[in-house]
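These notes concern the structure reproduced below.
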There are 2 protein chains.
Amino acid sequence: MARITMADVAKAAGVSKSTVSQFLNQRYEYMSEETRKKIELEVKRLGYQPNFVARSLKQKRTAMVGVIMANIMHRFSTEVSRAIEDYCNINNVHVILCNADDNPHKEKKYIDMLLLRQVDGLIVFPTGENVETYQKLVDERYPVIFMDRKVTAVDIPAIMVNNKASTYQVIEHFIANQHKRIAILTEPLTISTRKSRLEGYRESMTAHGLTNYQDLIISAPIDSLLAHLEQIFQAEQPPTALLAGNDLVFLEVLKFVKTEQLKIGVDFSLAVFDNLPFADLLDPAITTIAQPSYQMGQQAAKLLLKRINNKNEKITDSIHECELIIRGSSNRYWA
Amino acid sequence: MARITMADVAKAAGVSKSTVSQFLNQRYEYMSEETRKKIELEVKRLGYQPNFVARSLKQKRTAMVGVIMANIMHRFSTEVSRAIEDYCNINNVHVILCNADDNPHKEKKYIDMLLLRQVDGLIVFPTGENVETYQKLVDERYPVIFMDRKVTAVDIPAIMVNNKASTYQVIEHFIANQHKRIAILTEPLTISTRKSRLEGYRESMTAHGLTNYQDLIISAPIDSLLAHLEQIFQAEQPPTALLAGNDLVFLEVLKFVKTEQLKIGVDFSLAVFDNLPFADLLDPAITTIAQPSYQMGQQAAKLLLKRINNKNEKITDSIHECELIIRGSSNRYWA
DNA sequence: TTGTAGGCGTTATCAA
DNA sequence: TTGATAACGCCTACAA
């Protein structure tokens with residue numbers, strides 16, 4: 001392992017460590033051509049590799065950022081993380097990826113650990129449950145960006161999508177197709193994203209005179225969704241359209257469909273708020289609200305690195321537009 | 001951040017840095033109850049946090065491992081990485097996750113970077129194209145484990161599945177259902193995994209007297225698979241069964257099916273060598289060869305950490321069994 | 001039982 | 001133009 005140090009190079013080249021350091025940091029300005037050559041040669045010959053840890057200690061900068069993702073099994077998180085990683089690596093910043101499983105304890109543990117490791121900044125899909133910890137970051141002027149979710153209690157910029165408007169739009173799409181019993185299916189309302197989506201749902205329903213939707217809102221942990229679906233579809237007036245809150249919820253809908261031998265697009269219309277790589281390939285194809293995950297990740301990384309390099313950089317919330325892609329699962333006129 | 005140092009604690013407690021260090025490393029043996037208490041108090045009061053970077057520099061150990069995954073868009077990689085992360089984090093080791101996109105240049109760059117960062121060990125899904133770099137790791141006795149793929153040119157232990165036997169088995173399953181024209185569809189044969197699967201295919205076909213399979217082997221980059229499928233299905237004797245080499249290949253098959261308006265399980269039988277979270281939920285359900293990704297990741301992490309803690313630990317290749325799960329896409333008798 | 005001193009490999013400051 | 005020298009924060013002999 002990198003056991004050749006600057007001192008070795010210095011000795012071999014017959015100069016001092018400082019000079020080698022100058023050389024390595026491309027400060028040739030006041031360096032004779034001769035010494036430059038000498039050092040260059042020895043660096044190559046000895047196969048010198050700088051020691052990042054030592055440099056980090058001195059510079060108080062690690063060229064690493066931490067990403068705490070919501071759930072690695074969630075496609076959106078994966079896509080965003082990948083974008084972050086791509087951007088960072090181009091800029092020679094390494095990413096430590098942590099999977100919090102939407103668990104506040106894990107989240108806190110990871111934030112603390114990453115700080116101890118002196119990562120230069122953090123991108124977090126916040127659970128929202130660690131306000132104290134978030135606030136500490138703000139107080140220390142630590143570079144942090146929230147992804148996908150806003151935590152209003154704390155002044156940290158967030159990169160999100162227009163959850164409310166997009167949901168409003170897809171509900172309107174259902175209504176335009178004459179649906180009246182439209183259900184929304186989501187994981188518990190612990191994060192802003194889900195709340196906003198529900199809000200969009202409510203507003204859209206209300207705006208179109210469909211105020212009787214209380215029993216059509218299902219918000220429950222993933223593993224109980226199936227039971228809720230069974231129940232709601234046994235009601236006197238079962239829903240005719242369904243909005244699945246994300247890809248994991250969608251899988252539950254698939255299970256339900258399978259168990260009950262129903263046909264999507266025939267027995268009820270369906271839209272999914274998320275990116276599904278195979279949305280277009282199923283039969284019927286699935287209507288989705290696609291989130292620009294890659295752009296969001298890139299933007300987060302870009303802003304974070306900027307902020308790291310300039311503590312005064314002011315970052316504000318950023319809202320990305322989703323795209324409603326209507327496909328076979330919801331294109332039937334329901335009259 | 002963490003600007004309280006051991007020196008601060010020492011001063012506040014009226015002891016020396018060494019004593020504080022002793023305390024922090026739980027070496028209370030020769031410490032008076034009194035000083036212990038004093039230090040404990042000050043650590044709490046000042047909110048002291050150890051500096052990992054400084055510790056790493058001194059100890060030449062970072063408590064970080066690097067993972068170079070093949071392709072973050074590939075479900076199997078994701079599942080394995082998650083398992084590695086889970087195991088490592090329980091053991092207070094952090095994971096730097098890098099996505100090589102099956103690109104040898106990226107792979108090499110990442111390996112080099114991770115070494116500069118002095119990660120304690122590496123788990124790599126090797127492209128197989130950087131033998132020189134791999135060999136360097138071996139020469140330095142650097143802890144490395146290969147995942148999913150073997151590189152025969154170099155003596156690094158690999159954790160794999162029984163690719164050949166599993167493929168043999170699924171082909172036999174097709175044959176048992178009276179298929180004679182069985183095609184295999186895989187990405188280019190650059191890695192051992194794919195080669196072994198093809199080998200299993202060949203042996204199984206041959207063993208059952210189906211020697212005329214040359215035109216039934218499609219091995220091509222993802223984005224050209226569709227064209228190959230079109231072609232092979234236009235042949236005089238199109239295949240009646242298809243083995244898709246992984247989940248990404250499967251998506252291409254779905255595209256093909258969609259374009260051609262075919263029905264899986266009716267127009268041809270299908271099996272997929274990989275984990276599909278929704279295999280059971282499609283119509284028909286998809287026959288898969290499931291890989292124990294989580295166990296593989298856990299094992300890799302476990303072995304790596306063991307090896308890191310004991311340079312003499314000898315690790316050997318490890319082969320995991322897959323499970324052939326027969327579902328609707330291939331359960332039809334083809335006579 | 002506790003403290004002193006030196007070093008891990010860099011970088012930064014200042015003097016030469 | 002280059003070189004001493006002192007940090008960075010921690011750990012570890014060894015000394016007291």
Side-chain angles (χ1 to χ4, degrees), chain A residues 1-43 46-64 92 113 115-120, chain B residues 1-43 46-64 92 113 115-120:
Chain A
M1 227 98 346
R3 52 172 61 75
I4 306 290
T5 76
M6 259 182 41
D8 299 321
V9 177
K11 203 190 298 175
V15 298
S16 80
K17 284 194 296 175
S18 331
T19 311
V20 177
S21 179
Q22 298 284 342
F23 169 83
L24 292 170
N25 293 302
Q26 326 243 11
R27 311 201 145 285
Y28 308 126
E29 305 145 34
Y30 307 109
M31 196 177 301
S32 74
E33 183 65 12
E34 195 188 0
T35 41
R36 208 178 64 76
K37 282 264 167 68
K38 248 189 334 198
I39 297 174
E40 192 167 13
L41 181 76
E42 291 303 332
V43 164
L46 298 171
Y48 168 78
Q49 309 267 168
N51 179 327
F52 266 59
V53 177
R55 174 183 293 175
S56 298
L57 175 61
K58 184 66 189 177
Q59 295 192 152
K60 293 162 165 308
R61 240 171 156 282
T62 52
M64 297 197 297
N92 291 311
M113 279 298 282
L115 292 187
L116 291 191
R117 287 221 180 271
Q118 327 254 112
V119 296
D120 295 336
Chain B
M1 226 86 355
R3 50 173 62 74
I4 305 291
T5 76
M6 257 180 44
D8 299 321
V9 177
K11 203 190 299 173
V15 298
S16 81
K17 285 196 292 173
S18 340
T19 312
V20 177
S21 179
Q22 299 283 344
F23 170 81
L24 294 170
N25 293 304
Q26 328 243 9
R27 309 201 148 283
Y28 309 126
E29 305 143 36
Y30 307 109
M31 196 177 301
S32 73
E33 184 64 13
E34 195 189 0
T35 41
R36 208 177 65 76
K37 281 267 167 69
K38 247 188 336 197
I39 297 176
E40 192 166 13
L41 182 76
E42 291 303 330
V43 164
L46 297 171
Y48 168 78
Q49 310 266 173
N51 179 327
F52 266 59
V53 177
R55 176 185 293 176
S56 298
L57 176 60
K58 180 68 190 180
Q59 297 189 154
K60 293 164 165 305
R61 237 169 159 284
T62 53
M64 297 197 297
N92 292 310
M113 278 298 282
L115 292 186
L116 291 190
R117 287 220 181 270
Q118 327 254 111
V119 296
D120 296 335

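Lettering of chains follows the sequences in order, A, B, ..., and the numbering in each one begins at 1.
- Qualifying side chain to side chain donor-acceptor pair (under 3.5 Å) partners for A:Arg117, counting only residues two or more places apart in sequence or in other chains: B:His94.
- Counting only heavy atoms from C-beta outward, the side chains of B:Val43 and B:Phe23 approach each other to under 4.5 Å.
- Spacing between atom NZ of A:Lys17 and atom P of C:dT11 amounts to 10 Å, rounded to whole angstrom units.
- Summary of the strand contacts: B:Thr19 and A:Ala54 both lie near DNA chain C, and taking for each the nucleotide with the nearest heavy atom, the more 5' one is attributed to B:Thr19.
- Atom OH of A:Tyr48 is separated from atom P of C:dG9 by 10 Å (rounded to the nearest Å).
- In terms of heavy atoms, B:Thr5 sits closest to B:Tyr48 at C-CE1, 3.5 Å.
- Counting distance only, with no hydrogens placed and no angle test, the side-chain atoms of A:Lys58 and the base atoms of D:dA7 include a donor-acceptor pair under 3.5 Å.
- By the 4.5 Å heavy-atom criterion applied to side chains, A:Val15 and A:Lys38 are counted as neighbours.
- With sequence neighbours left out, the side chain to side chain donor-acceptor pair (under 3.5 Å) criterion links B:Ser18 to B:Ser16.
- Rounding to whole angstrom units, CG of residue B:Asn51 and C1' of D:dA7 are separated by 14 Å.
- For the pair B:Ser16 and C:dG3, the criterion of a side-chain N or O lying under 4.0 Å from OP1 or OP2 is met.
- Atom CZ in A:Arg61 sits roughly 15 Å away from atom C1' in C:dT10 (whole-Å rounding).
- With the 3.5 Å cutoff on both pairing distances, Watson-Crick and G-U pairs in DNA chain C assemble into runs of at least 3 at C:1-16 with D:1-16.
- Atom OG1 in B:Thr35 sits 11.0 Å away from atom CD in B:Glu40 (nearest 0.5 Å).
- Not a single side chain to side chain donor-acceptor pair (under 3.5 Å) links B:Ser56 to another residue, sequence neighbours left out.
- Counting heavy atoms from C-beta outward, B:Ile39 and B:Gln22 have side chains that stay 4.5 Å or more apart.
- Backbone-only contact: B:Thr35 has heavy atoms under 4.0 Å from sugar-phosphate atoms and none from a base.
- Rounded to whole Å, the distance from CD1 on B:Ile4 to P on D:dC8 is 14 Å.
- In this structure, A:Asp8 places its CG atom 10 Å from P of C:dC8, rounding to the nearest Å.
- Applying the salt bridge (Lys or Arg N to Asp or Glu O under 4.0 Å) test to B:Glu33 and every residue at least two apart in sequence or in another chain returns B:Arg36, B:Lys37.
- Using a 4.0 Å heavy-atom distance criterion, B:Val53 is classed as making no nucleic acid contact.
- At whole-Å resolution of the value, CD1 in B:Ile39 and P in C:dT2 are 8 Å apart.
- Residue B:Ser32 places at least one side-chain N or O closer than 4.0 Å to OP1 or OP2 of C:dT2.
- Rounded to an integer number of Å, the gap from B:Gln118 CD to C:dG9 P is 9 Å.
- Counting non-hydrogen atoms under 4.0 angstrom, A:Lys60 reaches the backbone sugars and phosphates but no base.
- Side-chain N/O atoms of B:Arg55 include one lying less than 4.0 angstrom from OP1 or OP2 on D:dC11.
- Side-chain contact between B:Leu57 and B:Val53 is absent, with no heavy-atom pair separated by less than 4.5 Å.
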Atom pairs under 3.5 Å, N or O on each side, protein against nucleotides 13-16 of chain C: can you list them with distances?
none

